[in-house]
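A short worksheet on the structure shown next.
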There are 2 protein chains.
Amino acid sequence: MRRDIFQAIADPTRRGIIALIALQSMTPNAIAENFNTTRQAVSKHLRILTECELVKQEQHGREIYYSLEIEKMKEIDKWLEQYRKIWETRFNQLDNLLATIKSQKNEK
Amino acid sequence: MRRDIFQAIADPTRRGIIALIALQSMTPNAIAENFNTTRQAVSKHLRILTECELVKQEQHGREIYYSLEIEKMKEIDKWLEQYRKIWETRFNQLDNLLATIKSQKNEK
DNA sequence: TATATGTGCAACTTTTTGGTTTCGCAATTT
DNA sequence: AAATTGCGAAACCAAAAAGTTGCACATATA
């Protein structure tokens with residue numbers, strides 16, 4: 001089992017679950033109502049999300065409320081950081097190029 | 001075949017390839033040297049990356065150079081945006097809380 | 001022209017994944 | 001106490017994915 005955050009967000013249903021519980025915690029049954037699968041399938045997704053600490057659970061009687069561990073999402077942001085640097089550099093280079101063209105125009 | 005960007009970055013070897021060709025374009029053979037797999041396996045990964053437009057190729061004679069399509073990486077950033085909003089809000093709330101505590105202290 | 005090299009592609013195998021069904025347990029409700 | 005409800009876990013299945021091997025094709029080199 002690989003069970004890292006990138007593998008966790010690879011599945012569209014899991015991304016749906018993440019979006020759903022991002023703002024309020026929900027029970028497996030309530031979550032499953034929003035998808036075209038069984039409660040058990042959602043339960044499996046929740047297990048995977050829990051295993052890589054993207055989701056936390058809180059038991060209330062026989063109900064278990066799941067919610068997003070937003071801090072963990074920052075890991076993706078952190079990974080993206082190196083590429084953000086690249087595209088920002090490219091953007092600045094383009095910016096400089098445009099500025100150069102503009103100044104050349106004005107010199108005419 | 002799902003073949004979206006999230007599925008593409010789920011595989012650790014593919015993330016390795018992305019990191020490798022982010023700054024300079026490389027041939028499949030050169031890329032494969034950096035991993036513990038065969039050239040053909042890398043080729044398959046490159047195909048997947050190409051199919052979801054994360055990577056572009058440029059043919060030079062019999063060699064094919066692969067490089068990262070950095071623009072496509074912004075899609076992940078875009079998806080992350082909604083969650084970034086959440087953690088920034090949380091951060092501000094914490095900030096406000098700390099400020100409140102501080103001012104209460106000063107009132108003593 | 002013959003040989004070597006860089007490559008993609010197809011067939012095949014193994015592993016992983018997502019889903020379903022069935023079950024048992026604990027907490028409610030009747 | 002009995003029935004119902006909410007849940008996770010295990011066993012099983014089908015589909016997908018990752019890797020391997022063998023090939024064909026084009027380009028380069030001898």
Side-chain angles (χ1 to χ4, degrees), chain A residues 1-21 24-69 72 76, chain B residues 1-21 24-69 72 75-76 79:
Chain A
M1 271 183 277
R2 225 183 311 137
R3 215 96 319 173
D4 64 63
I5 195 171
F6 294 101
Q7 193 256 342
I9 63 166
D11 184 84
T13 304
R14 282 197 289 269
R15 287 200 301 280
I17 293 174
I18 289 173
L20 212 53
I21 62 174
Q24 85 281 27
S25 59
M26 290 173 76
T27 64
N29 265 319
I31 294 168
E33 279 171 16
N34 294 274
F35 300 98
N36 211 13
T37 47
T38 57
R39 199 243 335 146
Q40 282 87 343
V42 167
S43 215
K44 268 183 121 178
H45 286 305
L46 284 169
R47 188 185 169 182
I48 290 167
L49 291 170
T50 305
E51 274 174 6
C52 66
E53 296 171 303
L54 251 172
V55 148
K56 60 173 179 286
Q57 31 182 303
E58 200 179 333
Q59 187 132 12
H60 279 192
R62 69 183 163 187
E63 292 182 329
I64 301 176
Y65 285 86
Y66 287 86
S67 60
L68 184 63
E69 196 74 78
K72 192 71 177 182
I76 304 166
Chain B
M1 269 182 279
R2 228 185 308 137
R3 214 97 318 171
D4 63 61
I5 196 171
F6 294 101
Q7 195 255 342
I9 63 165
D11 185 86
T13 305
R14 282 199 289 270
R15 286 201 302 281
I17 293 175
I18 289 173
L20 212 52
I21 64 174
Q24 87 278 27
S25 59
M26 291 173 77
T27 64
N29 264 321
I31 294 168
E33 278 171 16
N34 294 274
F35 300 98
N36 211 13
T37 46
T38 58
R39 201 245 332 145
Q40 281 87 342
V42 168
S43 216
K44 268 185 123 178
H45 285 306
L46 285 170
R47 190 184 169 183
I48 290 167
L49 292 169
T50 305
E51 274 173 8
C52 66
E53 295 171 305
L54 251 172
V55 148
K56 60 173 180 285
Q57 31 181 301
E58 201 178 333
Q59 187 130 13
H60 279 192
R62 69 183 163 186
E63 292 182 328
I64 300 177
Y65 286 86
Y66 288 86
S67 60
L68 185 63
E69 196 75 78
K72 192 71 177 183
E75 268 189 28
I76 303 165
W79 174 76

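Below, chain A is the first sequence line, B the second, and so on; all start at residue 1.
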Extract from the structure each pairing of a protein N or O with an N or O of nucleotides 12-14 of chain C at less than 3.5 Å, listing the distance.
none

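End-to-end axis angle of the helix from C:dT1-D:dA30 to C:dT30-D:dA1, from C1' rotation axes over five pairs per end: 10° (rounded to 10 degrees).
For A:Q57, there are no side chain to side chain donor-acceptor pair (under 3.5 Å) partners, not counting sequence neighbours. A:R62 pairs by the salt bridge (Lys or Arg N to Asp or Glu O under 4.0 Å) definition with nothing, not counting sequence neighbours. Take B:E69 and apply the salt bridge (Lys or Arg N to Asp or Glu O under 4.0 Å) test, not counting sequence neighbours, and it matches B:K56. Every ring-ring contact (aromatic ring centres under 6.0 Å, His included) that B:Y65 has, sequence neighbours left out, goes to B:H60. Here B:I48 pairs with B:R3, B:R14 under the side chain to side chain contact (heavy atoms under 4.5 Å, CB included) rule; sequence neighbours left out.
Listed here is the closest heavy atom pair of B:S67 and B:I21: C-CD1, 3.8 Å. When all heavy atoms are compared, the tightest approach of B:I17 to B:F35 is N-CZ, 3.5 Å.
The salt bridge (charged side-chain N to carboxylate O under 4.0 Å, His left out) analysis of residues 27-45 of chain A, with sequence neighbours excluded, yields no pairs.
Between A:N36 and B:Y65, the residue anchored nearer the 5' end of DNA chain C, judged by the nucleotide with its closest heavy atom, is B:Y65.
Annotation: proximity of residues 24-31 of chain A to DNA chain C (heavy atom, distance under 4.0 Å) is found for no residue.
In this structure, OG1 on A:T13 lies 11.0 Å from CD1 on A:I18, to the nearest 0.5 angstrom. In this structure, CG in A:L46 is found 11.5 Å from CG in A:L54, a value given to the nearest 0.5 Å.
B:S43 has a side-chain polar atom (N or O) that falls below the 4.0 Å cut-off from OP1 or OP2 of C:dG8.
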Nucleotide by nucleotide, nucleotides 21-30 of chain D touches protein heavy atoms under 4.0 Å in the pattern (B base, S sugar-phosphate only, - none) BB----BS--
